[in-house]
Amino acid sequence: MTTEEIQLNPQQQRLVDETDGIYVVDAGAGTGKTHTITHRYASIVEQPDVEPGDVLLVTFTRNAAEEMRRRIVRESSYSVRELKDAPINNFHGVANQLLNEHGHRTPEYLGIDTVLTSSTSVLENNTIEKQRFRSFYREFRERNDGYRELIQLIDDPSELLDLINNLASKGVIPTQDGWYQNGEQYIQGDWEEFKELFKELNEPTEGVHSPNQSKLKGDLSDYGDKLYTDDAPRCADVRGDEKSIPEHWAEEVFEEDREDLKAFLHDVYFGYLEYALQRNYLNFGFLQMLAYVLLCEDDALRRRVEYPYVMIDEFQDTSEIQFKLALLLAGDSNICAVGDWKQSIYSFQHADVENITDFESRIQRYKQELNRSGRRVTYEVSDVEKLELETSYRSTQPILEFADEGLLAEGSKREDLDEQAIRDEIVELTADTSQQDHSSIEAIAAPDDEEEAVLAKIQEIVEDPGYMVRDENDELRKPTYGDVAVFTRTRSWGRELLNTAAEYGVPVAFEGGIELYRTDQAKTVLAWLRIVDGEAERGWPVVLEELGYSLGEIEEALEQEEYPSDAVEFRDRLREVESVPAVVRRVLDRYGYNGGVADALLEEVESIRDQTEYTLGELAEYMADAVDDGTTVEVETDAGGDSVTVQTIHAAKGLEYPIVLLANVNERQFPSSGGGGGGALKYSDTYGVRQKKIYDDADGDPYIYTNWRYDVLRHVNRKSHDEERRLLYVALTRARDHLLLSAEQGRESEFLENLPVDVEEYVGEPEEVDGSSTTQTEFTVPPVTPDGPRVVAASALASHDFTETDTEVDVAGRRFGGREFGNMVHQYAEDYARERDSDRTIEPPREIADSPDIVHVEELADSLTGELHVEEEVYLPLEVDGEDVLVRGVADLVEVTDSRVRVVDYKTDRTRDAVEGYEVQVGVYRRVLGEVYPDREVEAELYFTAEGESVEVGVSDLDSLRDAAASRL
DNA sequence: AAAATTCTAGTTTTT
DNA sequence: CTAGAATTTT
């Protein structure tokens, strides 16, 4: 703690003094928020008629709650003992306690007769919950044949689980025969708001001379390109012939019969809640949800437990249900919400930034919703006082001002921010320090390797006297490695930096957990669990490979079921061991694994054992799922001394460093673009729950259509880069004295271009440091190696950056680019095949076999004789640049007869580079098929469908093309 | 200058 | 399978 913080400044003092009433406090980065809250708490509690038990202090994490308790003890007259049971807790803790003490029969309010018991546990592990949900959903599907159409649409059950959790975070709760309170409204969406947004988006945009078409109309230019049901209106009708699309579409897309969807959602949601309760567990969402129901239903209890004073920290991270819980827990209008909207970066955890930005209207709306069926919130909420903390004890003035610019930086060329409107929302901070000439802000662009440039820069920082930092007395000193933090957007970039740092011996520690289950140690443990469990084929290969067996030898051993005798002995001894953790321990011992990863693994297995009754086989299944999920686990990463901290921006929230280097500020990384797709169901506050696709097998031919209403509606909910800007802001405001941003030259993020800093080319290679003289992270995190070799495209072998240029063709008066034409040819080929094999469905197996020696096509060899195959994938194991890879080619047509194998690949692009790529691809076919069918003649050829720059192809030509394809086969 | 079409690279973050 | 940029057409 710095000396400045001992005294309270006038704004802080005001917050401490004014204890009665409703306050929203805008407490920016480094404004001494915790310190102030601590004092406010003490000041409330020191009133003669107030006890610690009267003040509810809610924080976001368990750690934050403990930290707060410690500081209150230190700064007030209360002792540890007196505050031991004081309600200083996180939301989940509050809910848990409430249910434990008073809530055993809560499920009854929803029509579920299971009781909560003291042994009901809170499932914290995502992978386990997904597993349980999956098994629930498996049963659900069998029981509910009526929902077949919706079930067909959903290929990943965890999509449903996400939706359920999202609804739970809003207080949308299912009951036996409907929805709790006004839950159904949320599912329906908000027509008024939708109309408003629709209108806004449909305003013509400003052109230089005359108005342009509206954003919405522009967005809908590709409407109609997808497969719609017959009742969908045509593109021209939807878009109309004005600058805006006809107004009536707003209502027509919003109004939709969603009764089946709602019923399905209800039954899944309610069914899973029952399922969890019967199995005696709750997830985070259910925990808060039940506490909410309890407080709503039991008026006497609510009055008994309510608190005269409520304070909530990190308010920008609260969800809707948490805000409502806080209102229910407050007995009077003494509520204090402290936070910083600019640091709201947890929307994926259901944080709703509008809780703080629209505090005044939200608190009124929520009160109204809570009082709809009873008087639950009795106090007045219309008088909300806003306070601001304006002095920052962390960053220098230039850094504070620069960080604000981060909130104004446009993330793409398309974005157009209302700068003034944003500035109006920002409370400008003033730095407390007078020292600031030493402070610097710079941006570097690395022409070749950004990681190396970052490391070189760090070495420069600790050696160059130009970078001075302030000590606790505000005096300047030279920085060390420990003063530097490197932030990244993604975990993976940080991990790579760590590897590069290890090469050069730069002391660097990665903080914030590793993907534990992807380590060699975990893989070995998994293999042994499988062996012990009797899954020989999945376990032994890993173990034997570690012993140096070749692939052939492994196959041989599996076939003969003959394994090395000491390994067999070890297996038999493991089978005698009773507890699962003990098995794991023995395996780790056998391999001499005893570092941080091994410890973490053991700890994990023990905690999983505590949470579930997993058998050995189930644990193996769990570990395999965790590999897929990329589950991360906190591991002790003691770099032992003076080292640079590497962490994600999310992990850095709440921390500060003298020198911050924000790395990988590259396009498409930060802000991340694209993505966001997938999933059959969508939810937004505005339009409610919607189905993206429609499954239909009315004509006996199952088909999935795009829901045309959704296709229009979704535009009204387009995401902007707001949260990414806040993430940028969080990163920038961690810095005390120096701020650096880095990117790859030529790939700089739009953010970087829009920040008021010159991006300078930085060429630098780190000096190699003798590893023994520096400290390294206790273990190095290995790069993620997916099981089996990497798959690369055949054409990529010809050149790493070959570019396709276009050829064009005219078909029936329409012009097609090369790609589109190629797709069309392809479609013809497929239609042809479908016609020919109408009574047979072709389902080529998509999975690559475990062993790289097994070529995929082989599995089809016998069954396919004499038949036509469309779009077959072939894989060829090759060594490329010293790495074993599977080279993938996708052939358009494959024909296999007793004497011959023929592959035809249609292409349109004849540019030199492309042809080169295709030739490699065809060579791959030739070779792979030659290996699979050694005694047959193998032909593989390219068939160019468009010559030169532009080719005229009429419909008749396509017919002849089809005939040609047919005659070849 | 505006609208339409095509191309490209991406698909995180973790209480 | 999508958002957003880039390019082409009107």
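In this structure, E724(A) atom CD and dT11(B) atom P are separated by 11 Å, rounded to whole Å. Residue D711(A) contributes atom CG, which lies 12 Å from atom P of dC1(C) at whole-angstrom precision. Taking atom CG of N126(A) as the reference point, atom C1' of dT15(B) lies 10 Å away to the nearest angstrom. The separation between N212(A) atom CG and dT10(C) atom P is 18 Å, rounded to whole Å. In this structure, K215(A) places its NZ atom 10 Å from P of dA5(C), rounding to the nearest Å. When rounded to the nearest whole Å, the span between CD of E753(A) and C1' of dA5(C) equals 14 Å. For Q669(A) and dG4(C), the CD to P distance is 16 Å, given to the nearest whole Å. In this structure, Y729(A) places its OH atom 20 Å from C1' of dT13(B), rounding to the nearest Å.
Mapping K217(A) and R62(A) onto DNA chain B via the closest heavy atom, the residue that lands nearer the 5' end is K217(A). Comparing K693(A) and E750(A) by the nucleotide of DNA chain C that holds the closest heavy atom to each, the one mapping nearer the 5' end is K693(A). Both R747(A) and F348(A) sit near DNA chain B, but only R747(A) has its closest nucleotide nearer the 5' end.
Backbone-only engagement by F60(A) is indicated by non-hydrogen atom pairs under 4.0 Å involving sugar-phosphate atoms exclusively. When heavy atoms are screened at a 4.0 angstrom cut-off, K653(A) is found touching no nucleic acid atom at all. Across all strands shown, S221(A) has heavy atoms under 4.0 Å from base atoms, whether or not it also approaches the sugar-phosphate.
Stacking of the aromatic ring of Y346(A) onto the base of dT15(B) is not found under the criterion of centres within 5.5 Å and planes under 30°.
Proximity of V353(A) to R726(A): side-chain heavy atoms (C-beta onward) are separated by under 4.5 Å at one or more points.
K243(A) has a side-chain polar atom (N or O) that falls below the 4.0 Å cut-off from OP1 or OP2 of dA3(B). In this model, the phosphate group of dT14(B) is approached by a side-chain N or O of T648(A) to a distance below 4.0 Å at OP1 or OP2. Remark: H721(A) is in phosphate contact with dG4(C), judged by side-chain N or O atoms under 4.0 Å from OP1 or OP2.
On the P atoms, dT2(C) is 22 Å away from dT13(B), given to the nearest whole Å.
Side-chain proximity of H650(A) to the nucleotides dT14(B), dG4(C), dA3(B) is greatest for dT14(B). In the set dG10(B), dA3(B), dT15(B), dT15(B) carries the atom at the smallest distance from any side-chain atom of Q349(A). Of the listed nucleotides (dT15(B), dT11(B), dT14(B)), dT15(B) has the atom at the smallest distance from the side chain of F284(A). Distance from the side chain of R239(A) is smallest for dA4(B) among the nucleotides dG10(B), dA4(B), dT12(B). When each of dT15(B), dT5(B), dT14(B) is scored by its nearest atom to the side-chain atoms of T61(A), the top-ranked nucleotide is dT15(B).
Of the possible polar contacts, none joining the N165(A) side chain to the G285(A) backbone as a donor-acceptor pair under 3.5 Å is found. Looking at T59(A), its side chain does come within 3.5 Å of a backbone N or O of A65(A) through a donor-acceptor pair. At distances below 3.5 Å, not a single donor-acceptor pair connects side-chain atoms of Q288(A) with backbone N or O atoms of A95(A). At distances below 3.5 Å, not a single donor-acceptor pair connects side-chain atoms of N166(A) with backbone N or O atoms of H350(A).
Judged by the 6.0 Å and 45° rule, R734(A) forms no cation-pi pair with F487(A).
When all heavy atoms of K682(A) and Y710(A) are compared, the pair lying nearest together is CG-OH, 3.1 Å. Residue Y346(A) comes nearest to H650(A) through the heavy atom pair OH-O, 3.2 Å, listed as atom of the first residue, atom of the second, then distance.
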Quiz item: Could you spell out the base pairing of DNA chain B in dot-bracket, with Watson-Crick or G-U pairs whose two distances are under 3.5 Å, [ ] crossing and | to another strand?
Solution: ||||||||||.....
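The one candidate from D317(A), L728(A), L727(A) that meets the side-chain contact (heavy atoms from CB on, under 4.5 Å) condition with I345(A) is L727(A).
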